[in-house]
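To keep things clear, I will list the structure first and then write my remarks on it.
Convention: sequence-line order gives letters A, B, ...; per-chain numbering from 1. These numbers come from a predicted model, not from an experiment.
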2 protein chains.
Amino acid sequence: MARSSTRPTSRDVAQAAGVSQAAVSLVLGDKWRGRVSETTAERVREAARDLGYRPNLAARNLRLGHTRTVLLVVPALTTEFFAGVYTGAARVAADHGFGVVLYPSPEGIGPARDPFASAQAALDGVIASSMAADALTAIRGDQLPLVMLDSDPSGSLGAATVNLDIADGIRQVATHLLDLGHRHFLHLAADVPSWTFEVRARELAARLAAVPGTTVRTAHAPISIDGALTAAEAALAAPGPRPTALVCDDDKLAAGAYKAARRLGLRVPDDLSVTGLDDLALATALDPELTTVRLDAELFGERGMQALLAVLEDRTPDAGDIPVELVVRGSTAPPRPS
Amino acid sequence: MARSSTRPTSRDVAQAAGVSQAAVSLVLGDKWRGRVSETTAERVREAARDLGYRPNLAARNLRLGHTRTVLLVVPALTTEFFAGVYTGAARVAADHGFGVVLYPSPEGIGPARDPFASAQAALDGVIASSMAADALTAIRGDQLPLVMLDSDPSGSLGAATVNLDIADGIRQVATHLLDLGHRHFLHLAADVPSWTFEVRARELAARLAAVPGTTVRTAHAPISIDGALTAAEAALAAPGPRPTALVCDDDKLAAGAYKAARRLGLRVPDDLSVTGLDDLALATALDPELTTVRLDAELFGERGMQALLAVLEDRTPDAGDIPVELVVRGSTAPPRPS
DNA sequence: GAGTCGAGGTTATACGTATTACTTGGAGGC
DNA sequence: GCCTCCAAGTAATACGTATAACCTCGACTC
């Protein structure tokens with residue numbers, strides 16, 4: 001009563017319940033099976049409730065030597081994709097008594113900060129998207145258990161990796177467009193150094209190379225609608241035979257491509273077929289709705305967390321890429337006979 | 001060397017440098033001005049570097065009694081708006097040696113979890129969006145310093161509030177549409193109990209009531225493109241005089257409204273003017289581009305963090321709503337003479 | 001009726017850090 | 001030559017928790 005300004009400790013609860021601090025810890029930690037009588041246990045719980053007791057996490061973490069908290073490092077949160085990843089990871093984490101703290105990679109938050117300075121929380125492990133490039137070096141410095149999302153399985157310093165089967169997605173896109181009769185392609189690629197984008201480029205090139213008579217050009221753009229607009233407009237207006245199919249590295253780029261097409265007086269899909277990748281809400285907001293590759297963000301997050309749990313328990317994480325699915329909508333059609 | 005499996009402590013560093021643990025703490029804490037010689041300090045720093053020493057946050061937090069970490073509670077991360085809020089808050093936080101941990105309100109993460117169970121990090125304070133309704137009760141339980149974002153200043157239990165001047169934004173929208181000549185309105189409102197949406201409804205009604213001869217109907221929709229599509233389609237197809245202006249509670253709803261209009265064969269803006277609120281990237285991805293209200297998300301986050309810092313230091317937070325700005329684009333035009 | 005055992009606790013301790021209070025070996029003052 | 005004082009450290013301690021080790025007392029066994 002006297003010191004109501006400071007938070008109550010387990011000792012305060014003990015005193016209020018007339019027991020030792022150890023008893024409080026046992027009861028509240030649910031480890032009192034044959035150690036404390038039911039009546040005393042109830043007395044302790046009541047005292048804790050009355051005082052509004054909340055255990056001091058810092059003390060607990062120090063004592064336990066772990067925090068049951070992991071960090072999820074993502075690139076900018078400008079689409080709902082990583083929100084889904086977080087949701088999946090958090091769900092699995094919660095099932096195992098873990099918490100997930102989100103760290104959106106800096107980019108304007110200040111002079112290239114250490115993620116751990118920002119998320120001061122003491123951590124047990126890290127899940128990092130390969131797109132959050134700025135943070136990677138800082139992360140590598142630490143010795144924390146690490147799972148990499150969407151990154152080169154052979155080059156990740158031994159860290160476990162969990163990947164979406166982007167290669168298959170691109171293959172499906174290419175096959176779909178080839179089946180429609182397209183032969184002249186433009187690849188609108190993300191201007192970001194990340195394995196996940198390299199895969200797209202490599203796989204598209206490989207798939208198209210298998211079909212004689214195809215051509216493919218590449219334009220690079222920052223991942224934003226305006227950036228894509230500029231790059232796509234320039235590429236589409238370039239001299240030479242105009243491509244009839246535009247394969248975009250993600251849905252946002254596709255949205256920019258739509259605007260570029262409008263500016264140039266090209267109709268989607270009559271004059272130009274467009275594809276995306278992600279299946280964001282944006283994909284169906286566009287007119288016509290976008291043919292794209294659906295990624296299961298939540299499953300991605302779940303698998304990432306499961307892999308990290310495996311690493312933490314010295315088990316081998318499950319292997320195998322996460323399947324993706326082509327969603328055909330109105331933005332792709334056969335090329336018009338020229 | 002012997003126990004390389006466990007992380008080095010400040011005592012290990014001390015031993016390596018041939019000094020006491022206290023000296024290590026002083027040097028690394030930058031409090032050694034007249035306490036330790038320059039040469040010993042350098043020796044300590046070198047030892048710390050060699051061992052890869054990282055201070056144990058849990059221990060430090062316990063000792064210090066605070067964590068310099070605050071929690072930012074937001075609703076779903078499905079738009080970039082709260083990413084901006086985070087960016088602003090994190091920037092200000094970093095300038096003051098604070099970290100920000102993001103907690104996206106549950107919604108499917110599991111059985112209505114306590115935010116503090118998820119973000120296990122020990123916290124010094126909380127900034128919460130009023131839209132993250134599920135988390136509010138849990139938060140209220142704690143005695144942490146609290147700043148509410150976009151919530152009723154008179155009803156926030158004494159917590160400090162930081163608000164965008166949404167009322168003014170809606171007034172600008174209404175005035176813009178009235179000036180164009182519109183008299184028959186449909187309000188597509190978010191189906192979420194939150195002060196920020198109540199303000200929109202109240203202010204729109206008030207502004208329109210001031211002009212004789214205006215009518216306004218209201219349709220409610222969940223904040224998603226599909227939800228808005230359904231609700232808007234039903235409302236627009238309802239009997240009675242068709243509204244010529246559709247005021248949406250946010251840009252996402254507006255995107256759904258576009259789709260509803262297309263389905264009904266209405267052209268934007270010729271048959272129907274549409275407005276949004278947020279100015280997301282989505283707004284310019286739509287065709288025609290959306291007339292909307294620009295919110296400065298980063299400034300919002302900055303002000304939120306500044307307010308929390310003020311509360312933590314027993315100062316009075318700055319008052320005053322954050323100004324917003326109407327952005328007129330192609331989705332609004334005079335009504336066609338009927 | 002001595003020994004055993006388990007229920008129902010308590011006492012003591014360590015986790016790693018930051019900081020306060022103390023120590024010590026000179027150098028300088030007079 | 002003695003006192004003072006400062007530079008350069010060190011020893012000790014507390015933060016709040018979880019848990020291992022210990023204690024005590026009554027009921028039962030044989």
Side-chain angles (χ1 to χ4, degrees), chain A residues 3 5-45 47-48 51-69 97 116 120-124, chain B residues 3 5-45 47-48 51-69 97 116 120-124:
Chain A
R3 47 206 211 113
S5 69
T6 179
R7 274 174 55 155
T9 74
S10 63
R11 215 174 303 271
D12 295 331
V13 175
Q15 193 169 357
V19 296
S20 72
Q21 179 266 332
V24 173
S25 184
L26 289 172
V27 170
L28 267 34
D30 222 33
K31 296 211 151 50
W32 56 284
R33 335 228 174 185
R35 317 280 317 260
V36 176
S37 74
E38 173 61 50
T39 59
T40 349
E42 185 48 35
R43 200 148 34 93
V44 168
R45 282 189 286 256
L51 294 180
Y53 170 73
R54 289 219 161 224
N56 179 319
L57 274 318
R60 170 180 297 176
N61 291 342
L62 174 57
R63 171 69 230 246
L64 257 28
H66 63 242
T67 61
R68 312 229 120 202
T69 299
F116 305 105
Q120 309 238 12
L123 303 170
D124 283 356
Chain B
R3 47 204 212 116
S5 69
T6 179
R7 275 175 55 157
T9 74
S10 63
R11 216 174 303 272
D12 296 330
V13 175
Q15 192 169 357
V19 297
S20 71
Q21 179 266 332
V24 173
S25 184
L26 288 172
V27 170
L28 267 35
D30 222 34
K31 296 213 150 50
W32 56 283
R33 329 205 189 199
R35 317 280 315 261
V36 177
S37 73
E38 173 61 50
T39 59
T40 350
E42 186 48 37
R43 200 149 32 93
V44 167
R45 280 189 287 256
L51 294 180
Y53 169 72
R54 288 218 162 225
N56 179 317
L57 275 316
R60 170 180 296 176
N61 291 342
L62 175 58
R63 172 67 231 242
L64 257 27
H66 63 243
T67 61
R68 312 229 120 204
T69 299
F116 306 105
Q120 309 239 11
L123 303 170
D124 282 355

Any sub-3.5 Å donor-acceptor pair from B:R33's side-chain atoms to B:D30's backbone N or O?
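It does hold such a pair.
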
Could I get the full list of side chain to side chain donor-acceptor pair (under 3.5 Å) partners for [X], not counting sequence neighbours?
X     : answer
B:S20 : none
B:S25 : none
B:N56 : none

Atom pairs under 3.5 Å: protein N/O with N/O of nucleotides 11-14 of chain D:
none

Residues two or more places apart in sequence or in another chain: which of them pass salt bridge (Lys or Arg N to Asp or Glu O under 4.0 Å) with B:R45?
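Residues passing salt bridge (Lys or Arg N to Asp or Glu O under 4.0 Å) with B:R45: B:E38, B:E42.
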
Using the test salt bridge (Lys or Arg N to Asp or Glu O under 4.0 Å), find all partners of A:R35 that sit at least two apart in sequence or belong to another chain.
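Applying salt bridge (Lys or Arg N to Asp or Glu O under 4.0 Å) to A:R35 gives none.
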
Output one line per pair: protein atom, nucleotide atom from nucleotides 21-27 of chain D, and distance, for all N/O pairs under 3.5 Å.
{"unit_1": "D:dA21", "atom_1": "N6", "unit_2": "A:R35", "atom_2": "NH2", "d": "3.0"}

Most 5' of A:G29 and B:R33 on DNA chain D, judged by nearest nucleotide
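Result of the comparison: B:R33.
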
Working to the nearest 0.5 angstrom, can you tell me the gap between [X] [atom1] and [Y] [atom2]?
X     : Y      : atom1 : atom2 : answer
B:T67 : B:D124 : OG1   : CG    : 3.5 Å
B:L57 : A:T69  : CG    : OG1   : 11.0 Å
B:L26 : B:T40  : CG    : OG1   : 11.5 Å

Taking all atoms of both residues into account, what is the closest heavy-atom pair of B:L62 and A:A58, and its distance?
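Smallest interatomic distance, heavy atoms only, reads N-CB, 3.7 Å.
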
For residues A:V27 and A:A41, report the shortest heavy-atom separation together with the two atoms involved.
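Shortest heavy-atom contact: CG1-O, 3.8 Å.
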
Mind checking if B:S37 touches a base, just sugar-phosphate, or nothing, with heavy atoms under 4.0 Å?
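The residue B:S37 makes sugar-phosphate contact but no base contact.
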
Does CD in B:Q21 sit with more than 12 non-hydrogen atoms of other residues, nucleotides or ligands closer than 6.0 Å?
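Yes.
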
Applying side-chain contact (heavy atoms from CB on, under 4.5 Å), run through A:L28 and A:Y53 and close with a yes or a no.
CA-CA 10 Å; A:L28 267 34; A:Y53 170 73; 3.5 Å; yes

Leading and trailing nucleotides of DNA chain C with any atom under 4.0 Å from heavy atoms of chain B:
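Extent of the interface on DNA chain C: C:dG16 to C:dA21.
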
Kindly calculate the angle separating the two end axes of the helix from C:dG1-D:dC30 to C:dC30-D:dG1, each obtained from five base pairs, and round it to 10 degrees.
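If I round to tens, the end axes sit 50° apart.
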
